[in-house]
There are 2 protein chains.
Amino acid sequence: MALESGVQQSPAFHCQQFLRVPITSWTQNFSFPGLSKGFLRKSSILSISMSPSFQFGIIREKKGIFHVMSPDVASPGLAVELLDAWDDEYNGVIIDTQCLPSSPNAFASALGASLSNWKLKGKRGIWLKILSEQADFVPIAIQEGFEFHHAEPGYVMLTYWIPNEPCLLPSGPSHQIGIAGFVINDRKEILVVKEKCPCSCSGVWKLPTGYINKYEDIFSGAVREVKEETGVDTIFLEMVAFRHAHRVAFEKSDLLFVCMLKPLSSEILIDEQEIQDAKWMPIGELIGQPFYQDDHMSRKMIEICTSAYENCYHGFTAQQLISKLDGRLTQLYYKDNKPKI
Amino acid sequence: MALESGVQQSPAFHCQQFLRVPITSWTQNFSFPGLSKGFLRKSSILSISMSPSFQFGIIREKKGIFHVMSPDVASPGLAVELLDAWDDEYNGVIIDTQCLPSSPNAFASALGASLSNWKLKGKRGIWLKILSEQADFVPIAIQEGFEFHHAEPGYVMLTYWIPNEPCLLPSGPSHQIGIAGFVINDRKEILVVKEKCPCSCSGVWKLPTGYINKYEDIFSGAVREVKEETGVDTIFLEMVAFRHAHRVAFEKSDLLFVCMLKPLSSEILIDEQEIQDAKWMPIGELIGQPFYQDDHMSRKMIEICTSAYENCYHGFTAQQLISKLDGRLTQLYYKDNKPKI
């Protein structure tokens with residue numbers, strides 16, 4: 001763009017468009033209303049401002065678009081406030097949560113400018129993680145068009161899908177993972193508990209169950225839950241079956257893995273906060289309870305476990321293997337043909 | 001509490017404490033500074049207000065606590081704004097999302113008053129679901145001490161644990177559930193795909209994979225994904241293995257179920273949005289790829305699948321059973337001893 005005499009002509013230009021006024025690092029605007037407009041029609045321009053060094057300019061069009069002219073968009077002379085972010089491998093963007101502006105107004109401004117920028121660059125999915133202490137930013141992001149994706153104590157993740165086509169972003173986690181521990185001693189007695197919670201299974205003797213912890217392996221969770229609820233030490237033998245149920249807690253789904261564990265001790269010490277009582281019970285007495293007569297699922301699970309114990313059944317064992325896909329150590333559960341312990 | 005002459009004595013009292021001034025339905029306060037204070041020390045009282053009918057009173061203590069005296073807390077004369085909610089079976093409370101106040105100020109006031117009320121009543125876990133259109137309420141709830149629990153497009157769930165002991169509320173969903181479809185024809189060729197995504201497996205021929213949909217069964221998801229990616233119709237035979245990995249996507253965990261499917265058709269029609277190419281490939285050629293030579297996990301999975309096909313291996317089949325515990329139809333996956341198709 002040619003500039004009139006008295007104003008330095010920049011050798012090359014980089015032009016970014018914004019729908020909000022960019023925040024600049026210079027405090028005084030120099031206005032040159034008589035400047036030659038170059039590629040813009042004179043009538044469409046509201047104002048032109050140049051930085052004191054004449055290196056950067058902002059052209060404001062009547063229709064509300066701001067053109068920022070600069071030799072290099074990253075030059076420090078012009079502090080255009082965009083959110084710090086990095087690209088993911090799907091032509092999307094992950095916003096840096098640690099570098100969000102501190103005030104809601106600054107965040108709103110930067111978020112809008114950044115979205116415009118990403119749209120111009122043809123980016124697809126935008127990921128925005130907001131911490132609890134930044135919760136003021138949540139309604140701002142929603143107002144801008146972001147959607148909730150997933151959350152856990154400490155943060156909420158939101159996403160924005162730019163293309164005008166069905167969203168291809170992967171969904172968030174949908175399942176809780178639980179375990180049931182089937183522990184049988186050499187007197188063919190099963191370790192059972194009676195829970196304290198006032199729920200539908202109150203008063204029923206059942207297998208120890210629980211949810212696995214974050215990042216915990218299923219077989220580890222089974223051994224841990226049995227230990228916590230009953231005090232009995234065990235080792236994992238195999239996974240005999242699992243149950244898949246939907247709309248369980250708050251419309252979510254869960255998988256319950258039934259794990260056969262070999263007891264290493266017999267003394268019972270219950271967790272009094274959650275457990276009313278625990279004991280070793282003959283199989284016949286367990287499934288003789290009215291609850292098990294009516295509940296096909298629970299009865300089937302005990303039958304499978306008993307068959308597994310009597311060596312008529314082989315479930316899945318766990319092997320740790322590295323996946324080249326992501327370089328991670330993962331657990332593969334499958335039926336191993338090695339003899340059981 | 002005995003009231004002085006000229007003021008009606010209520011036969012029985014219900015007293016609620018609030019840390020914010022309750023909203024009343026009467027417009028004029030009657031103050032009786034000389035009233036006998038009954039059980040409250042005179043010096044601790046700032047003011048006493050009675051409703052025009054003398055049925056309800058608010059005593060404001062110097063330390064900022066408001067005592068609302070009423071014969072019946074639900075009486076219409078005193079509009080104490082509390083959130084609509086119902087009890088759960090664990091002595092907790094579920095707030096009614098459909099009946100939240102419309103303005104942030106009213107919500108803030110009602111939330112604080114309700115929390116005080118629930119604390120007095122000895123409630124434990126409070127559940128608050130906030131819809132996207134109510135996002136302004138999120139920072140208010142966080143400010144009050146709520147924590148994020150889980151979220152999905154459309155809402156975020158927050159919780160508040162009242163007791164001064166470790167939180168016993170169950171965690172939110174933590175896992176994504178995926179499937180890999182192992183489809184082998186009678187020429188011992190495996191149905192494989194090459195994905196379009198620019199990720200680490202780009203250029204590698206692999207089994208069709210994908211995530212199951214909300215509330216979808218694992219075996220249904222396997223058949224659907226294979227159909228969508230390759231156009232091939234199949235039926236589910238058995239689940240041969242599954243992989244458990246942590247810190248996969250945004251620090252979440254996932255389970256990948258490898259399902260053996262029997263092809264019902266052979267013609268391939270790919271989903272061009274996600275798949276670059278698909279074909280029937282001899283087993284030897286599949287595992288001969290350098291990727292499989294390095295990736296123990298993937299190679300093991302193919303070996304297991306091949307053994308299953310050759311009848312040397314039996315995985316888990318699916319049976320639908322009703323659980324009395326919650327009355328739901330659920331899927332139990334286990335090794336069925338019936339002969340394979």
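Lettering follows sequence order; numbering is per chain, from 1.
Heavy atoms closer than 4.5 Å to chain B are found in the side chain of A:E165, but not in its backbone. For a residue to count as touching a neighbouring chain, one of its non-hydrogen atoms must lie under 4.5 Å from one of that chain's; by this rule B:Y155 touches chain A with backbone and side chain alike. Looking at A:E147, the atoms closer than 4.5 Å to chain B (heavy atoms on both sides) all sit in the side chain, from C-beta outward. Only the side chain of B:Q273 has a heavy atom closer than 4.5 Å to any heavy atom of chain A. Using a 4.5 Å cut-off between heavy atoms, A:H149 touches chain B through its backbone atoms (N, CA, C, O) alone. Proximity to chain A involves both the backbone and the side chain of B:S174, based on heavy atoms less than 4.5 angstrom apart. The contact between B:V156 and chain A is made by backbone and side chain atoms together, counting heavy-atom distances below 4.5 Å. Neither the backbone nor the side chain of B:D254 has a heavy atom closer than 4.5 Å to any heavy atom of chain A. Of the atoms belonging to A:M239, heavy atoms from both backbone and side chain fall under 4.5 Å from chain B.
Shown are B:F182, B:F219, B:F316; of these, the ring-ring contact (aromatic ring centres under 6.0 Å, His included) with B:F236 is made only by B:F219.
Between chain A and the options B:N213, B:L256, B:I94, B:D136, heavy-atom pairs under 4.5 Å are most frequent for B:D136. Looking only at heavy-atom pairs under 4.5 Å with chain B, the residue among A:P153, A:A141, A:S253 that has the most is A:P153. Among A:I218, A:V258, A:I212, the residue with the largest count of heavy-atom pairs under 4.5 Å with chain B is A:I218. Comparing B:Y292, B:F257, B:Y211 by heavy-atom pairs within less than 4.5 Å of chain A, the highest count is held by B:F257.
Of the N and O atoms on the side chains of B:S298 and B:D295, at least one donor lies less than 3.5 Å from an acceptor on the other residue.
Ion pairing between a basic and an acidic side chain is recognised when a charged N comes within 4.0 Å of a carboxylate O; B:K214 and B:E152 show such pairing.
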